[in-house]
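Model, not experiment: these values are computed from the prediction.
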Amino acid sequence: MTVFRTSMRNFFAHKGRMALSAVAVLLSVAFVSGTLVFTDTMNTTFDKLFAATSSDVTVSPKAAKGADETSQTGKPESLPASVVETVRTADGVKSAEGAVSSMSVTVVNADDKNVGASSGAPTIAGNWTRNDLRSMEITSGHAPRGPTEVMVDADTAEKHDLAIGDELRTIAVTGDFRAKISGIATFTVTNPGATVIFFDTATSQRELLGDTGRFTHVNVTAAEGVSNSTLKQDVAAALGGGPYKLQTQKEAADANRADVGSFLDVMKYAMLGFAGIAFLVGVFLIVNTFSMLVAQRTREIGLMRALGSSRQQVNRSVLLEAVLLGVFGSIAGVAAGVGLAVGLMELMSSMGMELSTQDLTVKWTTPVIGLVLGVVVTVVSAYVPARRAGKISPMAALRDAGTPADGRSGWIRAAIGLVLTGAGAAALLMAARADEASEGSVFLGAGVVCTLIGFVVIGPLLAGGLVRALSAVVLRMFGPVGRMAERNALRNPRRTGATGAALMIGLALVACLSVVGSSMVASATDELDKSVGADFIVQSDNGQPIMPQAQAALEKAPDIAHVTEYKWVDVKLTAPDGTTESDGIVAADPTYAQDLRRETVAGELSAAYGKDAMSVGDAYAKKHGVKVGDRMSVVFPGGRSAELTVAAITSDDTNVDKGAMYTNITTAQRYVPADKMPKNMIMFAAAEDGKEKEAYAALKGSLAAYPQYTVQNQTDFKQDLKDQIGQLLNIVYGLLALAIIVAVLGVVNTLALSVVERTREIGLLRAIGLSRRQLRRMIRLESVVIALFGALLGLGLGMGWGTSAQKLLALEGLGVLEIPWPTILTVFVASAFVGLFAALVPAFRAGRMNVLNAIATE
């Protein structure tokens, strides 16, 4: 009980000093809790949507794509209308209704603006059925009654200012067709952002499937008292087998959830990973806080030991303070995490993915995980300072506060740090020289971990030399105040090293990712310059195939030398060694050999576009012993097979179309039925000599009515690639900002406690003539040099990681190393401002000290 009271007294006596450490725990726990609440809420949203939109039993073609996939042919797989009548005769069926649904459509308004979702969610077109009433209700107008009417969901109508009577144009594989809005339907569950439009059944069949006698699936409702599983068995018996897939409501919902689940899982674990980094940085803050508190309470702890307190009691007292810190920080963190999740939901809504707070999901496991993590991390971080406190002898009560041992780093620690750093550097070097990516990734991971731990351990040893070097450049110009700031930073290398290490972790990751990102852009740009001969690239923004009417418009554009079709055809290949694999072959026009320059290791690529000819990549050729002149058995979509002659073997030393096999598009058309032939996913074009500008404008003009497609010249394509990588890096930097914020709190806490520790010293300096302004400057300069020390370690370490990672990526074709010096220098300079900001409050408090009271402080 005495230990508990002592811990409570010390905790609240130093509540100001504990506050910043509590904020670090709060932020880290908030990020974990917020991530869990946000992803659980997204899962709840999709679960409700899929459960509401799935019928008791759904019958669909076996070959149907997943819920998140568009058809390569532009038409979804379908089944004959006779299946509906067969299903109706099954036992246990209350009703069966044929439905049409397609995601291979684009809907534009009267100004040719795409009214589809901007968040990446699909545009879904189909017929209005009774099953849709499970998730929607018509709130304005009426359902479509003929080919000139269409109904749209309320969210889309609101976003794009659509009203009843407005005309929409739907772009489908069968052609463009127009219809006026007859009604608006509102979701009764949350719609995460999809655009949904409805036609009458005949129009949906004719325009989306090209056949009025087919449906994409059948919605079956169970009779009263019949379970979904029993209904599924009865329907299967009525169908008597065949190429059909039957799913109960739960099975359909689970399958749809699985389609989006991988995305949600990646996002969840990525965010938790960044939360882990913040926790790691918080460890340094907590260790520093308790180390300094223990040092400042040396006399107090020594007196407790003299009065009979055991080592274990002192140890438990400090650990109990850590538990209190962890509990308070974690409880506040869990609450803040819920707020963070709501903020993320609002952010996603502004980007087009609608998430309702009514679906906010806080599972009981979330606060438990947050509380346990926060307390465990805090207690583990305080363990070493607690053991140090337990070792304080009773004689320490007779000495001044603080222990001389705190001011120097032990030789054993230095030796361990050097060994770890050396081992990590060796592992990074082996990763850079690895011949296989799998082997190199193991060395890279080991190198990152070892060098990180090594730098943390060796930090106090590095602090002496690096702080002196930085001070010579940054502080000496400030005269005696600068020299005092330097000595303060060097006074306790262990503390300076731990504070700098907290900042080092976040900045090391920033530097590493900057190097990798810049190298990826430079490598891709270099590859494009060497390989891509096409002047223009045409593709969809959202993975839609290029519709025939858009292709026709492209081919009619003036000033164009040629337009190249590019189709990806799923096939089954049988190599000469008898191995059969499912793979894909690129069916393209012969002009593609001009649009993409590919080196060959055997044969001529132009010959691969001859009759019944093809090429293979050299990795495939080596694996299966394929040589020029060998014949490959190829089974195309629709079941027809062909014997194609290998006319060329292309080099896989590339990053564009790596491993691709080529054949003439006419060869594919000879064996693939017209209704099974994939549409172009991308097309290429070349301008007539000297007509590049005119051709560029002509191509853009030809696709003005098709906003889902973009025309890019090589400059546009490179900039788009750079922007995509830049956006990804900005998201990562935003997440890493949490760790950097915690590190800044560490600098603030270190300075604040350091000021308290030096109260008497500060009073003496003021007494002999140091002005308040000089005192504040001294503390700010100390903070700046500590921040620059952490930045120097982090940026140097990160560039080493990034360089090794790039050498590893070179095995995958990213062969150009580029160090983004402007970014590195900007981050380094920004670190000085971080140091200035962190010192504002400690410097202000130091300047306000009463001189006489400070001198009288024990």
Side-chain angles (χ1 to χ4, degrees), residues 70-71 73-76 100-128 140-141 143-144 146-185 191 193-200 203-204 206-210 351-354 538-557 679-683 697-712:
T70 57
S71 169
T73 64
K75 295 179 184 178
V100 176
S101 179
S102 174
M103 292 192 295
S104 298
V105 296
T106 301
V107 182
V108 300
N109 61 16
D111 298 322
D112 288 333
K113 301 296 184 183
N114 194 339
V115 300
S118 58
S119 62
T123 296
I124 305 172
N127 63 328
W128 177 255
S140 181
T148 60
E149 293 184 342
V150 62
M151 185 162 63
V152 66
D153 72 275
D155 295 331
T156 300
E158 181 180 356
K159 287 177 193 174
H160 298 281
D161 296 322
L162 301 176
I164 291 177
D166 289 350
E167 187 175 73
L168 297 178
R169 177 166 60 92
T170 302
I171 304 167
V173 70
T174 56
D176 299 359
F177 61 102
R178 300 175 184 271
K180 291 186 176 180
I181 298 175
S182 66
I184 295 175
N191 170 24
T195 293
V196 187
I197 60 171
F198 299 97
F199 302 96
D200 68 291
T203 302
S204 298
R206 182 177 63 255
E207 302 294 350
L208 303 179
L209 304 181
M351 296 170 61
M353 177 176 280
E354 300 294 338
V538 182
Q539 59 186 332
S540 167
D541 292 331
N542 56 4
Q544 294 280 356
I546 298 177
M547 298 301 178
Q549 58 271 39
Q551 178 179 335
L554 280 173
E555 292 171 343
K556 291 178 183 177
K679 302 302 177 190
N680 292 297
M681 300 306 295
I682 188 171
M683 295 182 70
L699 285 174
K700 281 186 171 291
S702 69
L703 291 180
Y706 303 98
Q708 71 270 39
Y709 306 120
T710 58
V711 178
Q712 295 177 310

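Side-chain atoms of D200 never come within 3.5 Å of backbone atoms of P144 as a donor-acceptor pair (strictly under, hydrogens ignored).
Applying the side-chain contact (heavy atoms from CB on, under 4.5 Å) test between V538 and each of L703, T710, I682 identifies L703 as the sole match.
Under the rule for a ring-ring contact (aromatic ring centres under 6.0 Å, His included), the partners of F199 that lie at least two apart in sequence or sit in another chain are F177. Evaluation of the side chain to side chain donor-acceptor pair (under 3.5 Å) rule for E158 yields no partner, not counting sequence neighbours. Remark: E167 engages R178, K180 in a side chain to side chain contact (heavy atoms under 4.5 Å, CB included) (not counting sequence neighbours). Partners of R206 according to the salt bridge (Lys or Arg N to Asp or Glu O under 4.0 Å) rule, which considers only residues two or more places apart in sequence or in another chain, do not exist here. Applying the side chain to side chain contact (heavy atoms under 4.5 Å, CB included) criterion to T148, with sequence neighbours excluded, gives no partner residue. By the side chain to side chain donor-acceptor pair (under 3.5 Å) test, S101 is found to be paired with no residue, residues two or more places apart in sequence or in another chain being considered. A search for side chain to side chain contact (heavy atoms under 4.5 Å, CB included) contacts involving N114 returns T106, P707, Q708, not counting sequence neighbours. Legend: residues meeting side chain to side chain donor-acceptor pair (under 3.5 Å) with Y709, ordered by chain and number and at least two apart, are absent. Every residue two or more places apart in sequence or in another chain was checked for a side chain to side chain donor-acceptor pair (under 3.5 Å) with S702, and none qualifies. Remark: F198 engages W128 in a ring-ring contact (aromatic ring centres under 6.0 Å, His included) (not counting sequence neighbours). In this structure D166 satisfies the side chain to side chain contact (heavy atoms under 4.5 Å, CB included) test together with L162, A163, I181, sequence neighbours excluded.
Nearest approach of L209 to P76, heavy atoms of both residues: CD2-CG, 3.6 Å. Annotation for A172 and V105: closest pair CB-CG1, 4.2 Å, computed over non-hydrogen atoms. Of all the heavy atoms in N127 and V100, the pair that sits closest is OD1-N, 2.7 Å.
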Give the intermediate values and the outcome of side chain to side chain contact (heavy atoms under 4.5 Å, CB included) for residues V173 and T73.
-> CA-CA 8 Å; V173 70; T73 64; over 6 Å; no
Verdict with reasoning, V152 to I184, per side chain to side chain contact (heavy atoms under 4.5 Å, CB included) = CA-CA 5 Å; V152 66; I184 295 175; 4.2 Å; yes
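Proximity of K679 to Q544: side-chain heavy atoms (C-beta onward) are nowhere separated by under 4.5 Å. With contacts defined as side-chain heavy-atom distances shorter than 4.5 Å, the pair L554/L699 qualifies. Considering only heavy atoms from C-beta on, T170 comes within 4.5 Å of I197 through its side chain. Looking at K75 and S102, their side chains never come closer than 4.5 Å, going by heavy atoms from C-beta outward. Within the 4.5 Å cutoff, the side chain of S540 has no heavy atoms near those of the I546 side chain. Side-chain atoms of N109 and H160, non-hydrogen and from C-beta on, never get closer than 4.5 Å to each other.
For residues 168-177, the salt bridge (Lys or Arg N to Asp or Glu O under 4.0 Å) pairs, not counting sequence neighbours, are D112-R169, R169-D176.
Distance check: M151 CE to I164 CD1 gives 10.5 Å after rounding to the nearest 0.5 Å.
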